[in-house]
Peer 1: 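Starting off with a structure, shown below.
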There are 2 protein chains.
Amino acid sequence: MNPATANIEEAILSAILAGRIDPGTRLGEQKLADLFGVSRTRVREAMMRLETRGVVQVSARRGWYVVEPSAEEAREAFQTRRVIETGLLQTVREVPPAVLASLKEHVAIERRAIETGDVHSRACLLGDFHIHLADALGNRLLTEIIRDLTARTTLISMLYQPTEKAEESSHDHEDIVAAMEAGDLSLAARLMDEHIGKVEAGLDLTARPDPLAGLRELLSPSTFAGNAPSVPHHHSHSHPHTNDHPLTKED
Amino acid sequence: MNPATANIEEAILSAILAGRIDPGTRLGEQKLADLFGVSRTRVREAMMRLETRGVVQVSARRGWYVVEPSAEEAREAFQTRRVIETGLLQTVREVPPAVLASLKEHVAIERRAIETGDVHSRACLLGDFHIHLADALGNRLLTEIIRDLTARTTLISMLYQPTEKAEESSHDHEDIVAAMEAGDLSLAARLMDEHIGKVEAGLDLTARPDPLAGLRELLSPSTFAGNAPSVPHHHSHSHPHTNDHPLTKED
DNA sequence: GCTCACAAACTTGTATACAAGCCTGTAAGC
DNA sequence: GCTTACAGGCTTGTATACAAGTTTGTGAGC
């Protein structure tokens, strides 16, 4: 594959995994082309690849958008992750010491990141745990699949997750690794199942996916009469379709 | 997505699943464009999508080729399928009667196809069993993943499988469904694991992947002196990179 | 003042032209 | 006769131009 195209693809995917791009963000071809110093052709190529990987969507003649999974799609993504990740743990017979060591270190890094509190690296690391697991116990193919799925669930969390429970997740990871160390892969699989279940249960799959979610909050106090010349944006939480900080700087 | 592009993508993928396109087959852009009545742009789009799905590869300025997985990639594909398919069976709590019925019917169709003996529909149906399973027990996302993986393993079988054991596979499927009917999903998962293991074990991962495999057979009897004006092709089994019956007719 | 129609700007969709590289067949040189 | 260099044809790689559609801003009409 063309290296430039691969770069764009990888840059966007890892930005999503790091929680740096919101679901619904518009990705203009020309803007990306300028940003990466390539022509639109390349950008389109990367976008189409990302589309088949399920992280981007095209709206005809309007542009490319980071996907905003529906509630249904969210359930599918979590079910799929459950299937694959528990399957992986139960398929494996024994865990090499080197793998255990690296997983333990990863959890340690998670803990430190939670204390320092950078929300981006935190979310990134929590997702990375699963990717590392697939990489260490599985193979490249499996890792790629898990990576794409993690990107999906990351976006889902950004859409539907009311409160972040990073600490709990990291605890879960720790327990899973402990079970692996004890040689009880069955237990590890069950813990993984519960862990993913917890994350999914922590979502509010009833509300978010419409772009008006943020607006409703503003309308409810009824301090709205049409005489407000400028929209108050004191709560600058970026909303889908109305984000004013896309990947590319506005000129 | 553009419907025309989707058509090309789907046509090629299902042709691969049906065993109608050999691994290593060259897919010329212009030829495909003529065949489907579209421009090269569309074909390239479809090809790039198929590339990200792992069923096609581009060789710079030479053309697109149906992948010929290496032995290593073959192992990865089978491991991944084992992980996912056993994971699926173990994640599911109970199997709805309707699903059981449709699976049973599928197995019945398999049996009939084996008796009548059309090799294409046979291979297609054996792969389809797994796809149907994912569809019935899982979700669309999972089905798509399994579909791509099945395409991979189909190609692998065509490369490395010395003898076809369709009957045995169909028996395995029957046993798996029986275990599901008995409500013993654990057993079903184990049977699935063994089934995939058997298919993998039935491969000869030492020989095939080089394009000269077919040639070596010819050279060994040493009935070759350079005085043979035309290469004998009595054994018209198509070889990778030297196939004379590509998807598109030669003009 | 409000609504609706229209136009301009902007963005993607698509084809095509040309550039660049690979493969093959041919001929010259040894 | 054998090797090697070269040229021609063929195929993909890439950019660009234009077509088609969407969004938004503006002005006329009610």
Peer 1: May I ask you to say whether A/Glu9 pairs ionically with A/Arg53, meaning some side-chain N is under 4.0 Å from a carboxylate O?
Peer 2: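 Between A/Arg53 and A/Glu9 there is a salt bridge, with a charged N closer than 4.0 Å to a carboxylate O.
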Peer 1: On DNA chain D, does the nearest nucleotide to A/Ala60 precede the nearest nucleotide to A/Glu45 from the 5' side, or the other way round? Give the residue.
Peer 2: A/Glu45
Peer 1: What is the separation between atom CG on B/Leu27 and atom P on D/dT12, rounded to the nearest whole Å?
Peer 2: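 About 10 Å, once rounded to whole Å.
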Peer 1: Counting the atoms with a prime plus P, OP1 and OP2 as sugar-phosphate, which does A/Ser39 contact under 4.0 Å by heavy atoms, base, sugar-phosphate, or nothing?
Peer 2: sugar-phosphate
Peer 1: Could you measure the distance from the CD1 atom of B/Ile84 to the CG atom of A/Leu142? Nearest 0.5 Å is fine.
Peer 2: 6.5 Å
Peer 1: For DNA chain D, whose closest nucleotide is more 5', that of B/Gly63 or that of A/Val38?
Peer 2: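 It is B/Gly63, whose closest nucleotide lies nearer the 5' terminus.
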Peer 1: Does A/Thr25 use its side chain to pair, donor to acceptor, with the backbone of A/Ile21 at less than 3.5 Å?
Peer 2: no
Peer 1: When rounded to the nearest 0.5 angstrom, what is the spacing between NE2 in A/His132 and CG in A/Leu137?
Peer 2: 12.5 Å
Peer 1: Set out, in order, the CA-CA distance, both residues' side-chain angles and the distance that settles side-chain contact (heavy atoms from CB on, under 4.5 Å) for B/Leu155 and B/Val67, then state yes or no.
Peer 2: CA-CA 8 Å; B/Leu155 292 171; B/Val67 293; 3.6 Å; yes
Peer 1: Figure out the CZ/P separation between B/Arg40 and D/dC10, and round it to whole Å.
Peer 2: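 About 15 Å, once rounded to whole Å.
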Peer 1: From A/His130 NE2 over to A/His106 NE2, what is the distance, rounded to the nearest 0.5 angstrom?
Peer 2: 8.5 Å
Peer 1: Please determine if a side-chain N or O atom of A/Arg62 lies less than 4.0 Å away from the OP1 or OP2 oxygen of D/dT23.
Peer 2: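 Result: yes.
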Peer 1: Contact class for A/Arg42 vs. all strands (heavy atom < 4.0 Å): base, sugar-phosphate, or nothing?
Peer 2: sugar-phosphate
Peer 1: Which two nucleotides bound the region of DNA chain C that has atoms under 4.0 Å from heavy atoms of chain A, read 5' to 3'?
Peer 2: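 Terminal contacting nucleotides, 5' to 3': C/dT11 to C/dT14.
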Peer 1: Figure out the CZ/C1' separation between A/Arg61 and D/dG21, and round it to whole Å.
Peer 2: 5 Å
